[in-house]
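All remarks here apply to the structure that follows.
Lettering of chains follows the sequences in order, A, B, ..., and the numbering in each one begins at 1.
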Number of protein chains: 4
Amino acid sequence: MARPRDDDKKRAILIAAIRLFADEGLGASTASIARAANVADGTLFRYFPTKDHLLNELYSELKLSLRARLAPVSHDTSLREQLRSAWDVYIDWGFTEPAAHQVTARLSVSTRISARTRADAAEAFSDVNSRLKAAVANGPLRRHPTAFAGALFAAMADTTLAFIIDTPAERETLTADGFAAFWSAIGRGNSNVEMPRNSQQEKDCIS
Amino acid sequence: MARPRDDDKKRAILIAAIRLFADEGLGASTASIARAANVADGTLFRYFPTKDHLLNELYSELKLSLRARLAPVSHDTSLREQLRSAWDVYIDWGFTEPAAHQVTARLSVSTRISARTRADAAEAFSDVNSRLKAAVANGPLRRHPTAFAGALFAAMADTTLAFIIDTPAERETLTADGFAAFWSAIGRGNSNVEMPRNSQQEKDCIS
Amino acid sequence: MARPRDDDKKRAILIAAIRLFADEGLGASTASIARAANVADGTLFRYFPTKDHLLNELYSELKLSLRARLAPVSHDTSLREQLRSAWDVYIDWGFTEPAAHQVTARLSVSTRISARTRADAAEAFSDVNSRLKAAVANGPLRRHPTAFAGALFAAMADTTLAFIIDTPAERETLTADGFAAFWSAIGRGNSNVEMPRNSQQEKDCIS
Amino acid sequence: MARPRDDDKKRAILIAAIRLFADEGLGASTASIARAANVADGTLFRYFPTKDHLLNELYSELKLSLRARLAPVSHDTSLREQLRSAWDVYIDWGFTEPAAHQVTARLSVSTRISARTRADAAEAFSDVNSRLKAAVANGPLRRHPTAFAGALFAAMADTTLAFIIDTPAERETLTADGFAAFWSAIGRGNSNVEMPRNSQQEKDCIS
DNA sequence: AATGAATGAGCCTTCATTCAT
DNA sequence: AATGAATGAAGGCTCATTCAT
C-alpha cells in the first residue's frame, strides 16, 4: 500500500480510536472509529491495513506521547528529583488524558499487541531506566533487572492515578505520598541521599 | 425426576473459559468454550444466561479461589509475617495458575465486569485490608484509604509475578525482594520493627 | 404416544398457550407456555408431540369453544333472530375473551394450520351454515356457496368486534348496526321479513 | 465516489421478502430472503437495520402499492361507481398479486407492525374514506366512524378475494355480488339510488 | 408419567475487510 | 486517494425437541 500522505487523517483516526476504545473497550468497531474521525469506512484501512495494526500503532503512539512529556535527563538535579519529575509527568498525563491512559492500560493486557511492539515501546524509556538503574543500585532490587524497578514505577503510578481520578481533591497528597512509597520501595540507601539530615543527626550525636 | 443438574458441568465451563480467555483474550467465543468444556453450545447458556454473566461469575470465582488460599488472620505472628504470607500466597497462586491470574487481570480492566461484582469481590478481602490498615498506620500512606495500600499490594505483586514467570529461577529472590519493596513502600515506622539496628544506633547516639 | 390421562394438564397448557400467543404472538416459546401452565418443559410434548400439533389443536379447541356458545337451531324464531343471536354470541365471545379471539385470528392466517384442521373446524358450523343458506336464498349471494356468506359473517363480526374493543361504550349500537349491515349484505328479500312495517305501509296505502 | 447505493437491491429484497413471507410465514429467515434477493446476508441489513424494520417498511410499501392503483377521486361518476371501482382495483390487486395480498394480511395482524406504521398507512387511504363517508351518510352505519365502513370494505373484499382465488372461474360474479353485498351493507338510502322502483312504489301508493 | 437438563440447528445481527466507482 | 456499498464469516443467543432419571 502506497503510503497515503494525509497525515492529519491518520491523526484523526488515532484520536477517534482513543475515545472509542476508552468508551466502549477495544471491541469498538472500525466503522465507528472511522465515523468519529470523519473518514470513510474504507479509508481507515488505507492507513492501518488491519485493526491489529491500528491497535499496535496506537499503543506505540500512546507510549511515545507519554515519553515525549518526560524531561530529558538532566545532571543538575538529584536522582530523586529526576524520578519525581518523571512521576509527576506520568501522573499528569494520566490525569489530563484519562482516555489515553485507560486505553494504554487495556492495550497493555491485550493479546493483540505483539511482543515486538511492546519491546519497541519499552526501549523508548531507556533513559528513564538508566536513572532507575542508579536509584536501585543500593536497594533491595539491586540484584534484579532494572526493568523490574521500571515496571514497579508504572504499576505504582497507575495505582496512584486510579485513586487520584477517584478523589481529585487529594491529587497533590496522593502524588507526593505515592512517590514517597515508590522511592522507599526501590531504595534503602537512597533515603540517606534524600535526607542529609540523618547524617547531620549522626553528627549531632557525635557532637 | 429429570436428570439432575450437573455441577461439574458448570465447573468444566468455568475452567474451559479460563484457558480460552487466557489463550485468546476475552473475545474467545462461547462456542469454543462450550466445545472445550465438552458441552453443547446451548448448554453453556443454561448455566450462564449471558456471556457477561459468565464473565462476571468467572471474576468472582477467581477472586474467591485466591481468597480461599489466604490463611485466616492469626494473632501469633507479626504484621509483617502475616502480610508476607499473603504475598507468598498471591505469588504462588499466580505462578501455579498463570492462566487464572492472567484472566483475572484482563477481567479487572474489562468494561463488562459490573461495579457490583467488583464490590462484592473486594469485600472478600476485608480481613487482609484490616492487616494492611495496621501496617499503614505509621507510614506515608496513613492519610489515604487503606484500599490504596491494598491496590499497591496487588500491583506490586502482579509486577513481581510477571518477572518471576519470565525468570522462574529467580522466583525466591524476586518474591522476597518484591515483598521487601512493598514493605518499605507502605511503612516507615514499620522498618523499625524489622530493623532493630536503628534503635541500637539511637542508643549508640545516646551513649 | 400413549395418551396421557391427566386432562387438566392438557387444559392448562391450552389456556396458557392462549395467553402467551395473545401477548407475544405465535412465536411464544413452548417453554414459556409450559412454565405458565405449571408444567415441565418436556411434559408439554407428551400432550402435543409438536408445536404445530399444539397450534392446530388450539385452533380446533378455540373454534369449538365458540361453537359451543351458539344456541342450538330453534324453529320458534325467525331466521333473522337466529342469525342475530349467533351474531351476538360471536361478539360476546370476542369481547369477553379477547385473547381467545385474537389468537384465533392469528391462527387463521398462519401457515401452520393444516387444511384438514381448517376443514374440520368449518364443519362444526354446519348448522349455522344451514341457517345462512336459507337467509341467502333470495339475496345477491344466492348463486355462491353458503360458505361465502359464512365467511362474510365472520369477517364482518370481526370488524365490528375490533371497533367495539376500541370503543366499548358503543358496544350495543355497534353490535346492532354491524348486524344490520350484515343482514342487508346477504339478503334483499330478507329485509321485508325484518320490516313488517313495509307491508303495513302498503296496506296503509291501499286504504 | 464509492459504488452508488443500488436501489434495485432494496427493491429485490422487498420482493423476495414478499415471496418468502407468503410461502413460509413471517418467520422466514432474513438469510433466506437475502439469498432469494441475490444479496449477501449482511447486505440486507444495510437497507433494513432490523427484521422489524423490514417488516414495517414492507407493510407500508404494500399498502402504498395498493393505494397507487386506486384511481384519483373523480366527480364525473356516482358514488357507487367510484366505490365499485375501488372494489375492483382491490380485488384485482389481490388476484394478480396473491402473495402481496396474503403477506399484507399477515402483517396486519402481526405484533411487529408499529402503531405509527399502521397510522401512516391508514392515512394514505383518506380520500377513499371521504367517499365512504358520503356513502355511509344515510345508512345504518352513519353514527359510527367512517373507518368502520372502511374496515368493512377491506374485510368483505378480502373475503370475496379468498373465494375468487378458490374458484377463479367465478371471479366476475363474485366480484360483482360481493360488491353488491357491501353496497347493501353500508347504505339503506343508497339502495334507492340503485333501485328507483321503490320511489315508484311510493308514488304508486300515493296515487 | 413427569421432569428438566441437554442438545444443536438456526436465527438475527455485527464487523473487519474488499472493491467498484 | 477516497469513498461507502457489499460481503460473508462468526458471534451470542433461542428454542423445539429428546432423553436420562
Note to self: Could you tell me how far apart B:Lys9 (NZ) and F:dA20 (C1') are, to the nearest whole angstrom?
What the structure shows: 11 Å

Notebook entry, point to check: Can you check whether D:Thr43 has a side-chain N or O nearer than 4.0 Å to OP1 or OP2 of F:dT7?
Noted result: yes

Notebook entry, point to check: CZ of C:Phe21 versus P of F:dC15: gap in Å, rounded?
Noted result: 12 Å

Margin query: Measure CD1/B:Ile33 against P/F:dG12 and give the value in whole Å, please.
Written below: 8 Å

Margin query: How many whole angstroms separate atom CZ of C:Arg112 from atom C1' of F:dA16?
Written below: 9 Å

Item checked: Residues B:Lys10, B:Glu57: salt bridge by 4.0 Å N-O rule -> yes

Check: Say you draw a straight line from CZ of B:Arg106 to NE2 of B:His101; how long is it, rounded to the nearest 0.5 Å?
Finding: 11.5 Å

Next item on the list: Find which nucleotide of DNA chain F each of C:Phe45 and B:Thr50 is nearest to by heavy atoms, and output the residue with the more 5' nucleotide.
Entry: B:Thr50

Item checked: Residue B:Asp41, side-chain heavy atoms: nucleotide from E:dC12, E:dG8, F:dA16 that is nearest -> E:dG8

Next item on the list: State plainly whether the residues D:Arg11 and D:Glu61 are in salt-bridge range, i.e. N to O under 4.0 Å.
Entry: yes

Item checked: Separation of F:dA2 P from A:Ile13 CD1 (nearest whole Å) -> 9 Å

Check: Counting just side-chain N and O atoms, does D:Tyr47 come under 4.0 Å of either OP1 or OP2 of F:dA6?
Finding: yes

Check: Between D:Gly42 and C:Asn38, who's closer to the 5' end of DNA chain E by nearest nucleotide?
Finding: C:Asn38

Margin query: Can you tell me which nucleotide in E:dC12, E:dC15, E:dT7 comes closest to the side chain of A:Ser29?
Written below: E:dC15

Item checked: Base-pairing assignment for E:dA9 (Watson-Crick or G-U wobble, both under 3.5 Å) -> F:dT14

Notebook entry, point to check: Between D:Arg35 (CZ) and E:dC12 (C1'), how many Å, whole number?
Noted result: 14 Å

Next item on the list: Using heavy atoms to find the nearest nucleotide of DNA chain F for D:Arg46 and B:Thr30 separately, return the residue whose nucleotide is more 5′.
Entry: D:Arg46

Margin query: By nearest atom, which of the nucleotides E:dT17, E:dA2, E:dT13 is closest to the A:Lys51 side chain?
Written below: E:dT17

Margin query: Without decimals, in angstroms, what is the distance between C:Glu24 CD and F:dC15 C1'?
Written below: 13 Å

Next item on the list: Give, for atom CG of B:Leu54 and atom CD1 of B:Ile33, the distance between the pair rounded to the nearest 0.5 Å.
Entry: 5.5 Å

Check: Whole Å only: how far is the CG atom of B:Asp52 from the C1' atom of F:dC13?
Finding: 13 Å

Item checked: Counterpart base for E:dA20, defined by Watson-Crick or G-U wobble contacts under 3.5 Å -> F:dT3

Check: Any side-chain heavy atom of A:Thr30 within less than 4.5 Å of one from A:Asp41?
Finding: no

